[in-house]
Engineer: 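First the structure, which I've put down as structure tokens, then a few questions once you've had a look.
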Amino acid sequence: MIEALLVLLVFQLAGEAITHAAALPLPGPVLGLVLFAIALKTWPALAKKVSTVAHGILRNLSLLFVPAGVGVVQHADLVVHQWLPILGALVVSTALTLVITALTFVGVRRLMGERNDPGEGSAA
Amino acid sequence: MSVIELWVYLSTSPLLWLTATLGAYVIADRLSQRVDRNPIANPVLIAVLLLMALLKISGTAFPVYFEGAQFVHFMLGPATVALAVPLVQNFAEVRRNLVPMLAALAVGSLTAVSSAVAIAWLLGADTTLIASIAPKSVTTPIAMGISERLGGLPAVTAILVILTGIIGAVIVTPLMNLAGIRDWAARGFAAGVSAHGIGTARAFLVNPVAGTFAGIGMGLNGVITALILGLAVAFLA
């Protein structure tokens, strides 16, 4: 477990260092993700070491957003004061984005002539 | 030692609020499981509401709470790196969907920014709020940087991003069913593009392929939105 955490931290650190040094407009962990994906493709044995811990973290990804979520209290007055434009824009725009993104995805794949997908599901 | 003295001692230690955060999450996750992952019982939303009530009742300020919660918050970085594992495991499926993904990314990214700005403006938001709301679908660290460049308030953007994530996680399942989209890759990708990490967390609860594509959607949308809005600022300035 500690080894797996070390691997994740090393790649995050590498990502942070490179984005900072090169002043790239993306967060260190996102570059860390890319570097780690390349490493996993290059050395497949690495996946065995980290798989359990990585999946454990990702299964509980919701937990990690809780502290930031509680942070909403800091500006509660702003949200209450301009609730209509905030809620209106967030709900409508998020709904629009969800549907348009998914429809584009499915539509373009259909245009490419690939219809039967093994990842097809029906519920949830 | 009186109860009050004990409380004063504990309430300022990081241990209490770290424990409370994990406890609230376990309760929220159990509730979500009990109702068969019904999207309305979103674990982030439930845990946040429980903790907000606790802070209110105990009169605890957010910085005191965050001293304990920061250990959980810190794990967001390693978790982002960990997204590489399902990405590589589902590599064949990801590569097969590369073109649909890039098309959906371009359209989704533009929709997210333009519709948020237009609706906020129509509903009477001031310019600072409009600038703060533009990157609302993007993962927090990127969104805060974009907001600052646009003349918004990064702290406000952080909140709008979280709210967007929770809204997206709650509405994605019924909305996709309503639209008749049954493909996990498309559903997950849309969740990641529209509702970043919280949408991705929801996708992983539902289906691993959806989670993988959500993670990719989140990462790509962060980069592309930063580029689009960065260019827009450079062009207008």
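Sequence lines set the chain letters: A, B, ... in the order given, protein chains first and strands last, and positions in each chain run from 1.
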Engineer: Rounded to the nearest 0.5 Å, what's the gap from CG on Leu175(B) to CG on Leu98(A)? Could you check?
Structural biologist: 6.0 Å
Engineer: Give the minimum heavy-atom separation between Ala125(B) and Pro85(A), together with the two atoms involved.
Structural biologist: CB-CB, 3.8 Å
Engineer: Counting only non-hydrogen atoms closer than 4.5 Å, does Leu205(B) touch chain A with its backbone (N, CA, C, O), its side chain (CB onward), both, or neither?
Structural biologist: side chain
Engineer: Among Gly69(A), Gly107(A), Gly88(A), which has the most heavy-atom pairs under 4.5 Å with chain B?
Structural biologist: Gly69(A)
Engineer: Would you mind telling me which of Val106(A), Thr97(A), Val108(A) has the largest number of heavy-atom pairs within less than 4.5 Å of chain B?
Structural biologist: Thr97(A)
Engineer: Could you tell me which of Leu8(A), Val99(A), Leu96(A) has the largest number of non-hydrogen atom pairs under 4.5 Å with chain B?
Structural biologist: Leu8(A)
Engineer: Over all heavy atoms of both residues, which pair between Ser93(A) and Ala116(B) is shortest? Give the atoms and the distance, please.
Structural biologist: OG-N, 3.5 Å
Engineer: Which distance, rounded to the nearest 0.5 Å, do you find between the CD1 of Ile86(A) and the CD1 of Ile119(B)?
Structural biologist: 13.5 Å
Engineer: For the residue pair Ser51(A) and Gln89(B), what are the closest heavy atoms and their distance?
Structural biologist: OG-NE2, 3.6 Å
Engineer: Nearest heavy-atom pair of Arg59(A) and Tyr25(B): which atoms, and what distance?
Structural biologist: O-OH, 4.2 Å
Engineer: So, taking the atom named CZ in Phe11(A) and the one named OG1 in Thr80(B), what distance separates them when rounded to the nearest 0.5 Å?
Structural biologist: 15.0 Å
Engineer: Of the backbone (N, CA, C, O) and the side chain (C-beta and beyond), which part of Ala47(A) lies under 4.5 Å from a heavy atom of chain B, both, or neither?
Structural biologist: neither
Engineer: If we define contacts as heavy-atom pairs under 4.5 Å, which of Leu78(A), Val66(A), Val30(A), Val50(A) has the most with chain B?
Structural biologist: Val66(A)
Engineer: Would you mind telling me which of Leu61(A), Val70(A), Thr94(A) has the largest number of heavy-atom pairs within less than 4.5 Å of chain B?
Structural biologist: Val70(A)
Engineer: Using non-hydrogen atoms only, which part of Leu83(B) is less than 4.5 Å away from chain A: side chain, backbone, both, or neither?
Structural biologist: both
Engineer: Provide the closest heavy-atom pair for Leu123(B) versus Ala89(A) in the form atom of the first, atom of the second, distance.
Structural biologist: CD1-N, 4.3 Å
Engineer: Need one label for Leu63(A): side chain, backbone, both or neither, based on atoms under 4.5 Å from any heavy atom in chain B.
Structural biologist: both
Engineer: Quick check on the interface: out of Leu84(A), Ile100(A), Val7(A), Leu58(A), who has the most heavy-atom pairs with chain B under 4.5 Å?
Structural biologist: Leu58(A)
Engineer: Nearest 0.5 Å, please: how far is CZ in Phe36(A) from CG in Leu87(B)?
Structural biologist: 10.5 Å
Engineer: Using the rule given for side chain to side chain contact (heavy atoms under 4.5 Å, CB included), can you reason through Ile133(B) versus Leu90(A), listing the C-alpha separation, both sets of side-chain angles and the distance that settles it, and then say yes or no?
Structural biologist: CA-CA 8 Å; Ile133(B) 216 166; Leu90(A) 295 187; 3.9 Å; yes
Engineer: How far apart are the C-alpha atoms of Leu5(A) and Met75(B), what are their side-chain angles, what is the distance that settles it, and do they pass the side chain to side chain contact (heavy atoms under 4.5 Å, CB included) test?
Structural biologist: CA-CA 10 Å; Leu5(A) 259 182; Met75(B) 286 304 291; 4.0 Å; yes
Engineer: Between Asp126(B), Val26(B), Leu102(B), which residue shows the highest count of heavy-atom pairs closer than 4.5 Å to chain A?
Structural biologist: Asp126(B)
Engineer: Once you measure the plane-to-plane angle for Phe105(A) and Phe213(B), does it fall in the parallel (<30°), tilted (30-60°) or perpendicular (>60°) bin?
Structural biologist: perpendicular
Engineer: Among the options Ala169(B), Ser109(B), Ala191(B), Ala84(B), pick out the one with the most heavy-atom pairs lying under 4.5 Å from chain A.
Structural biologist: Ala84(B)
Engineer: Is it the backbone or the side chain of Thr200(B) that comes under 4.5 Å from a heavy atom of chain A, or both, or neither?
Structural biologist: both
Engineer: Of the listed residues (Gly77(B), Pro141(B), Ala120(B), Ala195(B)), which shares the most heavy-atom pairs with chain A below a 4.5 Å separation?
Structural biologist: Gly77(B)
Engineer: For Leu178(B), is it the side chain, the backbone, both or neither that has a heavy atom under 4.5 Å from a heavy atom of chain A?
Structural biologist: neither
Engineer: Assess the residue pair Lys56(B) and Val73(A) against the criterion (side chain to side chain contact (heavy atoms under 4.5 Å, CB included)); give the C-alpha distance rounded to whole Å, side-chain angles, the decisive distance to 0.1 Å, and a yes or no.
Structural biologist: CA-CA 10 Å; Lys56(B) 183 95 181 158; Val73(A) 291; over 6 Å; no
Engineer: What residue in Val117(B), Val223(B), Val99(B), Val113(B) has the most heavy-atom pairs under 4.5 Å with chain A?
Structural biologist: Val99(B)
Engineer: Based on non-hydrogen pairs under 4.5 Å, which of Asp29(B), Ile171(B), Leu51(B) is most in contact with chain A?
Structural biologist: Ile171(B)
Engineer: With rounding to the nearest 0.5 Å, note down the distance linking CE in Met176(B) to CG in Leu103(A).
Structural biologist: 7.5 Å
Engineer: Could you walk me through whether Ile159(B) and Val79(A) pass the side chain to side chain contact (heavy atoms under 4.5 Å, CB included) test, one step at a time?
Structural biologist: CA-CA 9 Å; Ile159(B) 286 164; Val79(A) 178; 4.0 Å; yes
Engineer: From Phe204(B) CZ over to Ile57(A) CD1, what is the distance, rounded to the nearest 0.5 angstrom?
Structural biologist: 11.5 Å
Engineer: Hey, is CG on Asp36(B) packed in by over 12 heavy atoms from elsewhere, all under 6.0 Å?
Structural biologist: no
Engineer: Taking every non-hydrogen pair under 4.5 Å, which of Ser132(B), Ala82(B), Ser194(B), Gly108(B) racks up the most with chain A?
Structural biologist: Ser194(B)
